[in-house]
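In what follows, chains carry the letters A, B, and so on, assigned in the order in which the sequence lines appear, proteins first and then strands, with residues in each chain numbered from 1. Being a predicted model, the structure only gives us computed values, none of them experimental.
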Protein chains: 2
Amino acid sequence: MTSSNTRRKPGRPKEGPELREVILDKAELLFADHGFNGAKVRDIATEAGVNQALVRYYFGSKQDLFDAVVRRRGSVISGARHVLLDELLSRGVAPTVAELVRCYLRPQWEMKNSGSNGAAFVRLQARLHAEQEEHAFRLRREVYDASVKRYIQALSEVLPEIPKEVISTRMAFAVGTYMFMLNDLGRINDLTDGQVGDLGGAALLDQLETFISAGLAAPLNS
Amino acid sequence: MTSSNTRRKPGRPKEGPELREVILDKAELLFADHGFNGAKVRDIATEAGVNQALVRYYFGSKQDLFDAVVRRRGSVISGARHVLLDELLSRGVAPTVAELVRCYLRPQWEMKNSGSNGAAFVRLQARLHAEQEEHAFRLRREVYDASVKRYIQALSEVLPEIPKEVISTRMAFAVGTYMFMLNDLGRINDLTDGQVGDLGGAALLDQLETFISAGLAAPLNS
DNA sequence: GTTGAAATTATGCAAATGATTAATTATGCG
DNA sequence: CGCATAATTAATCATTTGCATAATTTCAAC
């Protein structure tokens, strides 16, 4: 019931209110809250104040809609990671692990704090990463792998004593760490019996950075 | 088509082949692979070689079936964590962080390597932790919180210089780390371009332990 | 034996759901 | 103006899906 209920007439609109984007926004929210199978195309259309067939008109199948949602912001995150890494590497001075981690995390963090839809996308990502279907694997690889691999390479150079396979493995751990926690802030309060106050702030990002940096740079166990 | 196709007659069976357990096993697999919404009660029944109404007879609703699946092994994991922690604490010598982490992880790890269904349950857990519905939150709290909180307490005593809220937060990170990675071994190979050989073995557990221990024990950032 | 409870099946409904089709309207171009 | 094209709706179809009911068979106790 969030959408306007002025009945829209069929036909080409005078000045398109970007219905395509509205659909993407609402789909993002519903996919995030209910998952791919749990979200219904009907509900997405209704929320967007749009006929169900319009969703199909723009995106084709439900799966295609989902992919479009993932790609829209996933590419933003991946792109920002590339840019930040470029900046860091072109600085002359070799970066620290913590700096690399921060650059890696920042795009996610900023998206999460960029209004309700950014947060929804972060939740959606977590679901995507728990998904087992081959299609989900492919989508993740397509959207995220390139940037992650560059960070692995950069970390490898900063941590020459740690074999690259180990760095890769640890980076996969790191993905789990932040993915899960960005998705699941409430959980932290469960575990602390609410002793932790305002965790939405930068303090949490600092803690995350500390945790991941320490894990990545940990000495090899003999 | 994995199940026998000898047509079973209705009525009380001579000697129950524990159909209840068979149903739980198949439900576990399908929930793990397709999620709560993606798994269909019909398919679960078919896989179990059983009439759909029997599922309802034993478990009631689909949601109740799901809960039963989660509780069955979730309680085993939680229980084992308690036992291992008791052992460690009653040893006299104060445990190390790595020892605590190892005790915490071992039940999960062993379940994962205890045959196909254990691995399925681990995947199912990851999905459960990505779920946003209130029901999922409640279930997770019910099954896991008590044991996690005990480990937080124990870690707190071993790491007196780190405030307990910080430990709690880091423990939440740790949950993400292992949950995600147990679920997602294949991902590691994606990121390493297959350079990592046999990662199913104990080497991976060691690496996970190293990563999490370092993260938990990391010095506070000023 | 009869009987009653337990376990199991066949059958089927009503709602939800993804997709589809045909109609409708506005816009820009020749 | 007339017409092809783009954007949008109403309507509905075919399937899937969770749940329900009634029937059937076996077992154990009396």
Protein-nucleotide distance (Asn51(A), atom CG; dG18(C), atom P), rounded to Å: 14 Å

Any residue meeting side-chain contact (heavy atoms from CB on, under 4.5 Å) with Glu110(A), in chain and number order, not counting sequence neighbours: Arg106(A)

Nearest-neighbour nucleotide for the Val41(B) side chain, dA7(C), dT9(D), dG18(D) considered: dG18(D)

Polar pair under 3.5 Å, donor/acceptor by atom type, side chain Arg42(B), base dG18(D): yes

Lys40(B) NZ to dT16(D) C1', straight-line distance once rounded to whole Å: 8 Å

Short side-chain N/O contact to dG18(C) OP1/OP2 from Arg56(A), under 4.0 Å: no

Proximity to the side chain of Tyr57(A) - top-ranked nucleotide from dA10(C), dA6(D), dG18(C): dA6(D)

Touch class at under 4.0 angstrom, heavy-atom based, for Ala45(B) against every strand present: nothing

Distance, rounded to the nearest Å, where His34(B) contributes NE2 and dT16(D) contributes C1': 15 Å

By ring pair (Phe, Tyr, Trp, His ring centres under 6.0 Å) - contacts of Tyr178(B) (at least two apart): Tyr104(B)

Short side-chain to backbone donor-acceptor contact, Tyr151(A) and Met171(A), under 3.5 Å: no

Tyr58(A) or Gln52(A), whichever maps to the more 5' nucleotide of DNA chain D: Tyr58(A)

Protein-nucleotide distance (Phe66(B), atom CZ; dG18(D), atom P), rounded to Å: 14 Å

Integer-rounded Å distance: dG18(C) C1' and Phe59(A) CZ: 16 Å

Residue pair Phe36(A) / Glu133(A), side-chain heavy-atom distance below 4.5 Å: no

Closest to side chain of Ala53(A), choosing from dA6(D), dG18(C), dT20(C): dT20(C)

